[in-house]
Amino acid sequence: MHPRRSAQEVLLCDLCETLPLQSHCELCNINLCVNCAVKHLSDSSKRHNVVPFLHRKSTPNYPKCPDHADKHCEIYCEKCGVPVCSTCALFGKHKGHDVSDILEKFSAKTESLQKDLEELETRIYPRYKEMASNVEIEKAELETKYEKLTTDADEQGEILHREITAIVNRQKSAIAEMKTKHLDALNKNTEEITQKMAELKQIMSDLKSILKSNDVSLTSTYKSRNSELRTLPPTVRVTLPSFSPQKINKDQFNEMFGSLSPLSINTEHGDTMKSAEAVSSPPVKPLLDEPRVTATIDTGHRPLYSVSCLSEDQVWTSGNNNTMKLLNLQSKLLTSIQTKSGNYPTDIAVTRDGDLVYTDTSNNTVNLIKNKQIQTVIRLQGWIPLFVCCTADNNLLVTMTSDDYKQYKVVRYSGSTEKQSTQFDDQGRPLYKSGLIKYLSENRNLDICVADFDARAVVVVNQSGKLRFRYTGHPSNTKESFDPAGITTDSQSHILTADYVYNRIHILDQDGQFLRYIHCDLRDPWGLCVDIRDNLFVAERNAAKVKKIQYL
């Protein structure tokens, strides 16, 4: 065994073989003492990379040449991008190609691999591990959450069952009462007839006695009552009641039962969140070339501000007075309710349960009307509620301004509990401009859409409150102002907003791209809503009318 290789001996320099080694040339792959390292570096005929021996990289395993079994590939062919042996480079198929030292390539590639490994170990893998842990936690909670949804559906079903049972019992009670009255009338008629029959029997018996007696006095004094008795007692005629079952409107029944918000599965790509709905999409409804007005409702509100659909043929309306009116398509007043404060409501909305919600800026409250009873669900301090909408999961979204009118935000409420507040963008700038007219709506993809009248823009943020886009009017109409008042969304995720000055409705897709206008001879369009069949209702502010428009 060579003395330098013995485990009992000090490792020696590969060149002088006398002095202990201290350095290593990675390009030449030799071990050097201090003196030999200086001499080695003085050889300028080729490149060197001398490092302390303890910091040397492991010696690479040269691949064997597939064409020359006794050769190792110690050269790198730049043209072909593969290791080659010296014979192939000088005389074989790689002759004339640009070549380089394979150790240089190996060193650069090793450094790149080391960086990859470091990033994988310290950054990428821990994030995957964290994500996997979060998914497992979510999976563990999934059963409980979906069980609650099922329980909620069962409870709603029980409520409907109880209501239907109560209705059936009331009908049966009414039927029993009618039956009793009918029977009483017939019994009374029977009594009258029975009395007359008893009287007739007595008269017939008396006549027989007179005829049998041959008494001249009795016969001469007899007075006939036959003409009187020929008139029969009145006959009771009763028309049986009939039951007229109404045809069940499945759409209305489903709407009354309630609905599930769409399942939204968010897939994160880097720092960009993209939403994709995992439920079946609604049937595609193309836009009509010529939208048409199918009904006009005279509300009596002057001016008229807000409209909210209760059903396809009933809408709640409000204006510059303290009365909110429920009207049908024939302008018939079905119900009217006055605000608790006596001041006019700033905005109204219908909940998933069919109850009415209104905001009152005079006392900073949001109020719920259930069975004609008003209850305050939100009372603000330091903030004034403006406009309101009901979300897919039956929460409330409210636009509001601070008491000094310098700050504006959108707040999500579950009952009276604040769940989310959206006020600034990622750079800390206000999302909404100062002013009081800020109608809003939640889109089917759960975006929050605000018609910022004072900013002359539709501001759309995602479910988390991150700004998605601003729409400031048709791109080609740069000279025309854009004054958005009311806003609503439909089953196709279209965004519809009322352009008050130019008497038209802008239709956008969910990403803010303009699709077309709706005109329909509108006058001062203000509040908007759509019903379950995507009919659009437009409140004409100064005309005090609501127009129902088919546009899909």
Side-chain angles (χ1 to χ4, degrees), residues 285 287-320 324-332 345-350 356 387-390 437-443 449-453 456 458 471 473-474 480-508 514-552:
K285 301 178 183 178
L287 293 166
L288 292 179
D289 291 332
E290 296 292 336
R292 61 189 185 92
V293 176
T294 58
T296 301
I297 305 170
D298 192 346
T299 68
H301 291 293
R302 282 183 172 80
L304 169 66
Y305 293 143
S306 298
V307 60
S308 189
C309 300
L310 179 62
S311 65
E312 297 172 53
D313 54 5
Q314 295 181 12
V315 294
W316 280 102
T317 60
S318 66
N320 193 20
M324 295 161 282
K325 300 178 182 179
L326 180 64
L327 303 160
N328 64 15
L329 297 182
Q330 292 73 43
S331 305
K332 181 181 178 181
T346 303
D347 193 22
I348 58 174
V350 175
L356 186 64
F387 297 88
V388 62
C389 78
C390 187
I437 304 172
K438 289 173 175 48
Y439 283 92
L440 78 165
S441 180
E442 182 189 59
N443 209 347
C449 310
V450 175
D452 193 336
F453 186 85
R456 293 183 171 178
V458 170
Y471 172 80
H474 194 292
E480 295 182 354
S481 66
F482 175 55
D483 302 272
I487 192 168
T488 190
T489 57
D490 63 17
S491 69
Q492 309 295 296
S493 294
H494 294 138
I495 303 169
L496 298 93
T497 187
D499 191 342
Y500 175 67
V501 172
Y502 286 94
N503 297 317
R504 60 197 178 190
I505 308 298
H506 293 236
I507 306 180
L508 320 176
F514 174 84
L515 299 177
R516 77 178 46 173
Y517 293 123
I518 296 175
H519 291 95
C520 292
D521 295 322
L522 295 172
R523 293 175 53 195
D524 310 316
W526 199 255
L528 301 180
C529 70
V530 295
D531 64 19
I532 193 172
R533 295 189 183 277
D534 288 322
N535 294 299
L536 174 66
F537 290 80
V538 183
E540 295 182 310
R541 188 176 189 270
N542 298 315
K545 297 181 185 298
V546 171
K547 285 184 176 176
K548 181 180 181 181
I549 298 174
Q550 183 182 357
Y551 66 98
L552 293 178

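This is a predicted model, so every value here is computed, not measured.
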Rounded at 0.5 Å granularity, tell me how far [atom1] in [X] sits from [atom2] in [Y].
X: I518; Y: N503; atom1: CD1; atom2: CG; value: 13.5 Å
X: L327; Y: H301; atom1: CG; atom2: NE2; value: 6.5 Å
X: L536; Y: I507; atom1: CG; atom2: CD1; value: 8.0 Å

- Task: Any chance you could lay out the side chain to side chain contact (heavy atoms under 4.5 Å, CB included) test for Y551 and C520, step after step, and finish with the verdict?
- Result: CA-CA 10 Å; Y551 66 98; C520 292; over 6 Å; no
* Worked check of side chain to side chain contact (heavy atoms under 4.5 Å, CB included) between L552 and H494 -> CA-CA 11 Å; L552 293 178; H494 294 138; 4.0 Å; yes
Please list, chain by chain and in numerical order, all residues satisfying side-chain hydrogen bond (donor to acceptor under 3.5 Å, both in side chains) with [X], sequence neighbours excluded.
X: H474; value: S476
X: S318; value: none
X: D531; value: N535
X: Y305; value: none

Residue set satisfying side-chain contact (heavy atoms from CB on, under 4.5 Å) with L329, at least two apart, ordered chain then number -> A295, I297, D313, F537, K548
Quiz prompt | Side chains of S306 and W316 in contact at under 4.5 Å (non-hydrogen atoms) | solution = no
Inset, instruction - Side-chain contact test, heavy atoms from C-beta onward, threshold under 4.5 Å: evaluate it for P525 versus D499 and give yes or no. - result: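 No, their side chains stay 4.5 Å or more apart.
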Taking all atoms of both residues into account, what is the closest heavy-atom pair of [X] and [Y], and its distance?
X: A451; Y: G486; answer: CB-O, 4.4 Å
X: S441; Y: C389; answer: CA-SG, 3.9 Å
X: L515; Y: L508; answer: CD1-C, 3.9 Å

Residue set satisfying ring pair (Phe, Tyr, Trp, His ring centres under 6.0 Å) with Y471, at least two apart, ordered chain then number -> F482, H506
Residues which pass salt bridge (charged side-chain N to carboxylate O under 4.0 Å, His left out) with [X], listed by chain and number, not counting sequence neighbours:
X: D289; result: R516
X: D452; result: K438
X: R456; result: D483

Distance-only donor-acceptor hits, side chain of residues 538-545, under 3.5 Å, sequence neighbours excluded:
unit_1: E540; atom_1: OE2; unit_2: R523; atom_2: N; d: 2.8
unit_1: E540; atom_1: OE2; unit_2: K547; atom_2: NZ; d: 3.4
unit_1: N542; atom_1: ND2; unit_2: D524; atom_2: OD2; d: 3.0

Measure from the side-chain N and O atoms of [X] to the backbone N and O of [Y], and report whether any donor-acceptor pair falls under 3.5 Å.
X: T317; Y: K325; answer: yes
X: D534; Y: S491; answer: yes
X: S308; Y: V350; answer: yes
X: S331; Y: D298; answer: yes

Of I487, T489, D490, I549, the one forming a side chain to side chain contact (heavy atoms under 4.5 Å, CB included) with L496 is D490
Take Y502 and S481 through the test side chain to side chain contact (heavy atoms under 4.5 Å, CB included) and record every step on the way to the result. CA-CA 9 Å; Y502 286 94; S481 66; 3.6 Å; yes
